[in-house]
Amino acid sequence: MTAETDTGHGPVTGAPLRRRGEALESAIYEAVLQQLTTDGYARLTMEGVAAAAQTGKAALYRRWSSKEELVMDALRASLPPSGPAPDTGSLRGDLLEVVTRLRAAMVSELGAAVRAIMSELDHQRAHAFVEIVLERVVEPTTALLAEVLDRGTTRGEVRPGAVTPLVTDLVPALMLYRIKMCGGEATQLDPAEIVDELLLPIVRP
């Protein structure tokens with residue numbers, strides 16, 4: 001929404017809120033996450049998002065023709081980059097850092113929004129949203145795990161040949177399964193238990 005001005009009225013003071021570009025967009029995206037977390041995808045409306053963002057509906061409809069488009073853009077903008085692979089000096093420490101990062105994403109407001117979408121929508125309707133999560137969260141996480149495990153192989157902490165796509169998919173797959181099948185139980189997973197009981201027994205010599 002380049003150079004677009006918000007002249008909506010705040011619900012409390014009634015004073016005009018004049019925001020442009022990124023400031024307005026950020027307020028709208030934050031409102032989307034809040035609405036998803038509190039009301040779920042089915043009850044989210046363009047009108048509700050506009051009210052929560054203290055803007056007018058026209059500011060949304062000029063940019064997005066549907067709530068699906070709005071939610072997809074909000075997810076893309078809100079998903080953080082995975083960052084570089086950790087290097088704590090030990091395989092366990094590196095794995096624990098990667099898993100902890102993933103769990104932090106799952107327990108955040110963004111994670112709650114993603115859980116709301118995945119728990120409500122069937123596979124076909126959720127596909128576009130899941131693709132965003134795969135691209136921005138799952139694939140970077142598996143890449144980090146592969147890098148950490150490859151480094152562990154060089155140090156002799158990982159069995160040669162143990163680093164496979166199946167192994168690096170285990171942690172994201174486990175968390176996505178818990179989200180889809182068990183609701184919020186993904187947020188209760190202990191990173192240390194995942195590393196010590198799942199990953200290390202598989203890859204160690």
Side-chain angles (χ1 to χ4, degrees), residues 22 25-26 29-30 32-34 36-38 71-119 126-205:
E22 292 183 2
E25 195 169 80
S26 178
Y29 289 158
E30 177 63 24
V32 170
L33 297 185
Q34 290 175 353
L36 284 171
T37 302
T38 58
V71 171
M72 289 178 68
D73 277 358
L75 291 180
R76 289 191 186 97
S78 303
L79 288 168
S82 60
D87 190 359
T88 65
S90 74
L91 174 63
R92 184 182 185 276
D94 292 347
L95 290 174
L96 188 59
E97 174 65 22
V98 175
V99 176
T100 299
R101 290 185 198 176
L102 180 59
R103 183 185 179 279
M106 294 297 184
V107 301
S108 67
E109 183 180 44
L110 174 62
V114 171
R115 292 197 301 275
I117 292 170
M118 294 182 67
S119 64
H127 180 73
F129 301 109
V130 172
E131 284 296 314
I132 296 173
V133 176
L134 290 175
E135 177 185 342
R136 297 292 298 277
V137 176
V138 175
E139 292 174 3
T141 298
T142 58
L144 289 180
L145 288 171
E147 183 175 346
V148 165
L149 290 169
D150 285 338
R151 187 191 302 141
T153 302
T154 302
R155 291 194 301 234
E157 295 179 279
V158 173
R159 186 178 70 257
V163 184
T164 67
L166 182 61
V167 171
T168 56
D169 282 346
L170 281 175
V171 175
L174 173 62
M175 290 195 175
L176 289 174
Y177 169 81
R178 287 290 184 91
I179 289 172
K180 184 64 177 177
M181 303 303 294
C182 309
E185 287 189 23
T187 65
Q188 301 173 14
L189 292 170
D190 182 355
E193 290 181 354
I194 295 174
V195 171
D196 293 335
E197 299 178 17
L198 181 64
L199 289 174
L200 289 178
I202 292 175
V203 302
R204 275 180 168 164

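Along the sequence shown, residues carry numbers from 1.
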Practice task
Identify, with sequence neighbours excluded, every residue that meets side chain to side chain donor-acceptor pair (under 3.5 Å) alongside Arg76.
Solution key: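 Checked Arg76 against side chain to side chain donor-acceptor pair (under 3.5 Å); matches are Asp73.
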Exercise for the section: With sequence neighbours excluded, tell me which residues meet side chain to side chain donor-acceptor pair (under 3.5 Å) with Arg101. Expected result: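 Partners of Arg101 by the side chain to side chain donor-acceptor pair (under 3.5 Å) criterion, ordered by chain and then number, come out as Glu97.
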As an exercise, state the distance from [atom1] of [X] to [atom2] of [Y], rounded to the nearest 0.5 Å.
X	Y	atom1	atom2	answer
Glu139	Leu144	CD	CG	12.0 Å
Leu200	Arg92	CG	CZ	7.0 Å
Arg151	Thr154	CZ	OG1	9.0 Å

Handout entry: Pair Glu157-Arg204, side chain to side chain contact (heavy atoms under 4.5 Å, CB included): steps then yes or no
Key = CA-CA 6 Å; Glu157 295 179 279; Arg204 275 180 168 164; over 6 Å; no
Quick check: does any side chain N or O of [X] sit under 3.5 Å from a backbone N or O of [Y], one acting as donor and the other as acceptor?
X	Y	answer
Asp94	Val148	no
Arg136	Leu79	yes
Thr153	Pro160	no
Ser78	Ala74	yes

Problem - Polar contact flag, side-chain donor to acceptor under 3.5 angstrom, Thr142-Asp169 - result: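 Side chains of Thr142 and Asp169: no pair found under 3.5 Å.
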Practice task
Have a look at Val99 and tell me which of Thr141, Val195, Leu198 forms a side chain to side chain contact (heavy atoms under 4.5 Å, CB included) with it.
Solution key: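 So the option named by the test is Val195.
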Decide yes or no for [X] and [Y]: does some side-chain heavy atom of the first lie under 4.5 Å from some side-chain heavy atom of the second?
X	Y	value
Val203	Val167	yes
Pro86	Val98	yes
Leu75	Phe129	yes
Leu199	Leu149	no

Problem - Minimum-distance pair of heavy atoms, taken over all atoms of Pro205 and Gly156 - result: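 In terms of heavy atoms, the two residues are closest at CG-O, 3.7 Å.
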Handout entry: Non-hydrogen atoms of Ala162 and Val158 that approach each other most closely
Key =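 Closest heavy-atom pair between Ala162 and Val158: CB-CG1, 4.0 Å.
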Practice task
Please determine if Arg155 and Asp150 form a salt bridge, counting it only when a charged side-chain N lies under 4.0 Å from a carboxylate O.
Solution key: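 No.
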Exercise for the section: Mark yes when over 12 heavy atoms from residues, nucleotides or ligands other than Arg159 sit less than 6.0 Å from its CZ; otherwise mark no. Expected result: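 Yes, enclosed.
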Practice task
Report the C-alpha separation of Ile194 and Met175 in whole Å, then their side-chain angles, then the decisive distance to 0.1 Å, and conclude whether the side chain to side chain contact (heavy atoms under 4.5 Å, CB included) test is met.
Solution key: CA-CA 10 Å; Ile194 295 174; Met175 290 195 175; 3.9 Å; yes
Handout entry: Criterion salt bridge (charged side-chain N to carboxylate O under 4.0 Å, His left out) on Asp190 and Arg103, from CA distance to verdict
Key = CA-CA 8 Å; Asp190 182 355; Arg103 183 185 179 279; over 6 Å; no
Practice task
Would you check, one step at a time, whether the test side chain to side chain contact (heavy atoms under 4.5 Å, CB included) holds for Leu174 with Leu170?
Solution key: CA-CA 6 Å; Leu174 173 62; Leu170 281 175; over 6 Å; no
